[in-house]
Amino acid sequence: MTSPAATTRQRARTVATDAVRAHARDLVALSHSLHAEPETAMREHKSATKIALLAEDAGFDVARGVAGLPTAFVATHGSGELVVALCAEYDALPGIGHACGHNVNGAASVGAALGLAAVAERLGITVKLIGTPAEEDIGGKTLLLDAGVFDDVAAAFMVHAAPEDSVGASSLAVGAWDVSYTGKPAHAALAPWEGVNALDAITLAHTAVGLLRQQLPPGTLVHDVVFEAGHAVNVIPGTARARYELRARTTEDLARARHRVRACLDAAALATGAELDLTEHGADFADVRQDEFLTAAYTRAARSLGRDPVDRRGEVMASTDMGNVSHVLPALHPTIGYDTEGARHHTAPFARYGNSPGADRAVLDGAIALAHVGVELATDPAQRGRCLDLLTARRPASDGASRA
């Protein structure tokens with residue numbers, strides 16, 4: 001005999017699924033529109049507006065420009081004690097557009113929010129669609145987290161576009177520095193000894209970090225790019241600018257890597273006499289901690305849609321600011337797959353498949369699967385209670401002292 005709770009859950013899944021499918025044309029159109037007009041970090045004005053208008057048309061209350069971020073928004077529906085957040089990404093990469101599939105990610109979160117809104121009252125939930133800009137750069141989720149936007153959220157979900165379906169993976173913690181060396185320009189032929197060569201400093205820094213890589217533990221990576229290193233060949237360069245990005249398996253490993261790389265940068269300044277100026281670029285991203293219950297619920301939901309996610313527990317993806325969210329509250333960040341003919345993230349070929357039939361199916365399947373996770377969480381008394389208890393425990397520290 002089917003229990004009343006199971007009947008309620010199944011009915012809610014059906015209603016949520018039907019709501020997503022009723023908006024299928026709008027969701028696919030949204031994904032295609034985001035893909036056709038890619039906008040980079042903190043410039044996603046059209047993208048954020050497209051999503052906010054769709055949410056408003058569906059009856060959500062929308063607040064724009066939250067946390068002082070012009071391209072962030074929060075759209076809410078319902079008034080239940082269990083607040084479930086769907087994180088919508090929509091920033092693209094410079095020069096190559098949606099080469100990380102954020103048009104798919106964002107549209108799927110919107111669809112899941114619409115599905116859960118259809119059952120919010122009967123399940124006692126509040127649906128919170130959070131527009132999270134600049135994942136590819138300064139980390140909008142981290143800024144929103146620090147601003148208190150997640151303070152009432154019991155659990156947060158999203159899916160990420162990929163060449164395959166997967167669950168359970170972690171990600172690399174990441175942080176970045178903007179680095180500049182200031183020397184002293186001089187005529188390169190008449191009096192080079194009067195100059196302090198900032199190009200030499202940036203070269204020594206690059207070389208020292210390159211040598212350091214041999215001693216870095218597995219999973220710890222350093223990348224750099226030089227933006228400026230002089231302007232005229234007959235002038236000793238007086239300024240040089242670069243960006244260094246560090247990745248590691250955990251936030252603790254990231255801190256250790258920062259210490260080692262900083263020593264290389266300081267050494268270059270000492271050796272050349274140039275002055276080093278170093279500032280953090282955006283927020284550090286923490287490693288993702290996938291919630292076991294949410295992951296299991298998503299796996300069941302994906303399989304009900306004919307998908308078979310690969311279990312990637314113990315493995316790492318690249319990096320995401322969803323990691324910071326996951327250090328504070330139960331979070332879910334699986335990948336939703338479609339055929340890219342071997343193309344990988346952050347390449348122009350990957351971007352070309354972002355509006356393919358497979359990507360369109362990923363939008364709808366991702367939306368339905370996330371909605372089903374929300375339904376299962378809301379109708380499982382033990383898990384609902386767990387998330388609400390964790391929320392209560394967080395509230396005394398809502399000033400941000402305990403955040404990752």
Side-chain angles (χ1 to χ4, degrees), residues 27-44 46-48 50-51 87-112 132-141 158-172 174 176 221 223 225 243 245 247 282 285 288 298 302 305 307-310 312 315-323 332-367 369-370:
L27 294 170
V28 170
L30 172 64
S31 177
H32 285 203
S33 181
L34 295 174
H35 187 271
E37 293 188 283
E39 296 176 300
T40 55
M42 301 310 298
R43 296 180 175 86
E44 318 99 321
K46 291 181 181 178
S47 301
K50 291 169 186 176
I51 297 174
C87 296
E89 297 176 343
Y90 36 83
D91 62 315
L93 287 157
I96 52 177
H98 276 290
C100 205
H102 288 193
N103 60 300
V104 172
N105 305 1
S109 286
V110 174
T132 62
E135 190 275 341
E136 297 290 0
D137 191 8
I138 60 174
K141 295 182 194 66
M158 65 169 286
V159 294
H160 198 293
E164 68 167 11
D165 290 275
S166 72
V167 294
S170 183
S171 67
L172 294 171
V174 63
L221 307 168
H223 332 289
V225 62
R243 180 169 298 157
E245 186 174 82
R247 299 178 192 255
F285 292 7
V288 168
Y298 178 86
L305 296 167
R307 293 179 176 270
D308 189 18
V310 177
R312 295 294 186 193
E315 301 179 28
V316 294
M317 302 180 291
S319 304
T320 172
D321 55 2
M322 194 68 173
L332 174 67
H333 189 276
T335 65
I336 189 85
Y338 51 90
D339 184 18
T340 62
E341 296 189 6
R344 305 295 295 179
H345 295 96
H346 288 212
T347 64
F350 185 91
R352 287 199 290 270
Y353 292 92
N355 59 357
S356 66
D360 296 346
R361 182 193 166 199
V363 168
L364 302 180
D365 285 355
L370 291 179

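Numbering of residues begins at 1 and proceeds along the displayed sequence.
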Using the side-chain contact (heavy atoms from CB on, under 4.5 Å) criterion, which residues pair with A351? Sequence neighbours excluded.
A99

Treating N355 as the side-chain partner and H32 as the backbone partner, does any N or O pair qualify as donor plus acceptor under 3.5 Å?
no

Sorted by first residue and then second, give each salt bridge (charged side-chain N to carboxylate O under 4.0 Å, His left out) pair with at least one member in residues 332-361; sequence neighbours left out.
R361-D365

ring-ring contact (aromatic ring centres under 6.0 Å, His included) partners of F285, counting only residues at least two apart:
none

Write down the atom of G354, the atom of V104, and the distance for their closest heavy-atom approach.
O-CG2, 3.9 Å

Whether the R247 and S319 side chains hold a donor-acceptor pair (N or O, under 3.5 Å, no angle test) is what I'd like checked.
yes

By side-chain contact (heavy atoms from CB on, under 4.5 Å) - contacts of S171 (at least two apart):
V288, M317, T320

All side-chain hydrogen bond (donor to acceptor under 3.5 Å, both in side chains) counterparts of S109, not counting sequence neighbours:
none

Return the set of residues passing side-chain hydrogen bond (donor to acceptor under 3.5 Å, both in side chains) with T340 (not counting sequence neighbours), or none when no residue passes.
none

Results of salt bridge (Lys or Arg N to Asp or Glu O under 4.0 Å) for R43 - residues two or more places apart only:
none

Counterpart residues, ring-ring contact (aromatic ring centres under 6.0 Å, His included), relative to H98 (two or more places apart)
none

By side-chain contact (heavy atoms from CB on, under 4.5 Å) - contacts of V316 (at least two apart)
S170, L172, R249

Looking only at heavy atoms, what is the nearest atom pair of M42 and A134, with distance?
SD-CB, 3.8 Å

For residues 87-105, which residue pairs pass the salt bridge (charged side-chain N to carboxylate O under 4.0 Å, His left out) check, not counting sequence neighbours?
E89-K141

If you compare all heavy atoms of C100 against all heavy atoms of L93, which two are closest, and at what distance to 0.1 Å?
N-CD1, 4.3 Å

Run the side-chain contact (heavy atoms from CB on, under 4.5 Å) test against A108 and tell me which residues pass, sequence neighbours left out.
V159

My understanding is that only residues two or more places apart in sequence, or in another chain, count here; which of them pass salt bridge (Lys or Arg N to Asp or Glu O under 4.0 Å) with E37?
K46, K50

